[in-house]
Number of protein chains: 2
Amino acid sequence: MSTIVSLARGAAVATPRRDDAPLGNRLLTSLSPEDFGLLAPHLELVSFAVGDCITRAGDPIDSVCFLEQGIAGVLDSLDDDRRYAVGLVGAEGFIGWPLVMGDDRSPYDVTMRAERGQALRMPAEALLAAVDQSPTLRLTLLRFAHVFMVQMGRTVVSSLAHSIERRMARWILLYHDRVQADEICMTHEEFRLMLGVRRSSVTDALHRLEEEHAIRAVRAKVLVHDRTKLMALAGDTYGQPEQDYVRLLQMDRRR
Amino acid sequence: MSTIVSLARGAAVATPRRDDAPLGNRLLTSLSPEDFGLLAPHLELVSFAVGDCITRAGDPIDSVCFLEQGIAGVLDSLDDDRRYAVGLVGAEGFIGWPLVMGDDRSPYDVTMRAERGQALRMPAEALLAAVDQSPTLRLTLLRFAHVFMVQMGRTVVSSLAHSIERRMARWILLYHDRVQADEICMTHEEFRLMLGVRRSSVTDALHRLEEEHAIRAVRAKVLVHDRTKLMALAGDTYGQPEQDYVRLLQMDRRR
DNA sequence: CGGACTTTGCACGGTTCCGTACAGCAACGT
DNA sequence: ACGTTGCTGTACGGAACCGTGCAAAGTCCG
């Protein structure tokens, strides 16, 4: 943390990646040594603070980020100030997938939603070159994009069919999956943005989840207490993309 | 319609495509002669009736469909009976994009939403083989998938931020873009499914749109009257994916 | 023409969620 | 200690929307 200073707009100062550093990103660890070798020379470690912008909607994508720590919120915005979360990405994926799908611009704002966010970053051209060289690398990256797309679909269904309480249960699960501990650092205000509701609705919904002993809410934090109960509440808007991820990327689930 | 009989479950009887037949699918027409040549030998003409299932959620994708006429609704379903529309695909795209993204199963139900639907169908293996041979073909198909993903993102935002009336304006526009006439054949019940609301809410919203002279609603039909007014209502949940489509697939908009 | 069926219009009370406002409480710097 | 700031709890009336049920109108078919 001494030499890695994070700046505004997510233009974090980067350090070269040390070859012996352990990998936290599950896409990278799932790659064959050959495929990883295509990427490794270009990877550099960057760090982000809460709220840092990783990509901005409409901007050209000049680099991609494989998250190692932290969670990125993928936000779509209306012309007014309001922004809504359409998905979450953590160490199970990467940021910049439109590149692999033939677009050089990001349709979304992507911002860091956790403290001490870290990612391995590489230039867009290097990624495209690597993808052109290795069909298996391309496949892995595309599969992640596909799973993310499925997640977005469930977000649509969830927001159409479910109450705030149920939708909140789902987001907590999505968050929980991507975080190391049972402790989720998020204020009601941040929940409000994700769910697209009023702040006090968040308060109420959290209380109801607390009454059912699914979580424990303390200041600026949510402690996950009963994952099973959360899953029951979220219903089948949670689970499908997660199963697809395991099936397509041949990995074990973290928990 | 004499020899092409549509069956239940979308297993329409197919006829070989005649080489001199004009193409209606905008993805196919945008392909280079070489790329189209990779697909042409495998294309066969199939037709669908309203409600025919083109792909079913969870099933293996054994063929892809380039729509020539009609509109397909992409539906995500909860375990109960309720299904919600996450997007629409017409002659500007194709059905079966998860294949190109490395999944051989469809996460969605896709059903024909217009009468006299027609598509050029080809086997999944043939498509995958063609895509492996031609990077430009792959790029075109991926770009469509990407634009569809952007459309889904806007669906999330629209359902979070907008009233039924505004969301309806958006769906009418999406439908209108993909249909040849200003006449949209759809009952309130079908709207209900797309929007995830109660049937009489559809009635009310249509009345409001009618009062503003944006549309004219008659039995089982909506006549688009003032597209500009619809776009004003839909706000910026309409337009972005459409612009992206033009930008990425280098085509003129139909209207 | 008459009956069956589909589609649409409308009304009722009830619930969820909104916008807004304000007060209590925790964290923090000085 | 004190004020400042950020986070949370709570309350109020109002709007949007729901589930339901039923009647009217259009369409189809014999």
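Proteins get letters first, then strands, A, B, ... in listed order; numbering begins at 1 in each.
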By ring pair (Phe, Tyr, Trp, His ring centres under 6.0 Å) - contacts of [X] (at least two apart):
| X | result |
| --- | --- |
| A/Y108 | none |
| A/F148 | A/W97 |
| B/F66 | B/F94 |

Residues which pass side-chain contact (heavy atoms from CB on, under 4.5 Å) with [X], listed by chain and number, not counting sequence neighbours:
| X | answer |
| --- | --- |
| B/Q240 | B/V150, B/R154, B/D244 |
| B/E189 | B/T187, B/R192, B/R199 |
| B/T237 | A/L78, B/V157, B/S158, B/H162, B/R170, B/A234 |
| B/S63 | B/R121 |

**Request:** Rounded to the nearest angstrom, tell me the gap between atom CZ in A/R192 and atom C1' in D/dG9.
**Result:** 17 Å

**Message:** Expressed as a whole number of angstroms, how long is the span from A/H207:NE2 to D/dT10:C1'?
**Reply:** 10 Å

**Prompt:** Considering the terminal five base pairs at each end of the helix from C/dC1-D/dG30 to C/dT30-D/dA1, what angle separates the two local helix axes, rounded to 10°?
**Reply:**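 It works out to 30° between the end axes.
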
Cut-off 3.5 Å, no hydrogens considered: what does the side-chain donor-acceptor table look like for residues 212-225 of chain A, sequence neighbours left out?
| residue | atom | partner | partner atom | Å |
| --- | --- | --- | --- | --- |
| A/H213 | ND1 | A/E211 | O | 3.2 |
| A/R216 | NH1 | A/E210 | OE2 | 2.5 |

**Fill in**
In the 5' to 3' direction, the nucleotides of DNA chain C bounding the stretch that comes under 4.0 Å of a heavy atom in chain A are C/dC17 to C/dA27

**Asked** Taking 4.0 angstrom as the limit, do B/R83 and B/D109 come out as a salt bridge?
**Response**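 B/D109 and B/R83: salt-bridged.
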
**Item:** Partners passing salt bridge (charged side-chain N to carboxylate O under 4.0 Å, His left out) against A/D204 (at least two apart in sequence or in another chain)
**Value:**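 Here no residue qualifies.
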
**Request:** Go along nucleotides 12-28 of chain D 5' to 3' and tag each nucleotide: B for a protein heavy atom under 4.0 Å from its base, S when only backbone or sugar atoms are that close, - otherwise.
**Result:** -----SBBB-----BS-

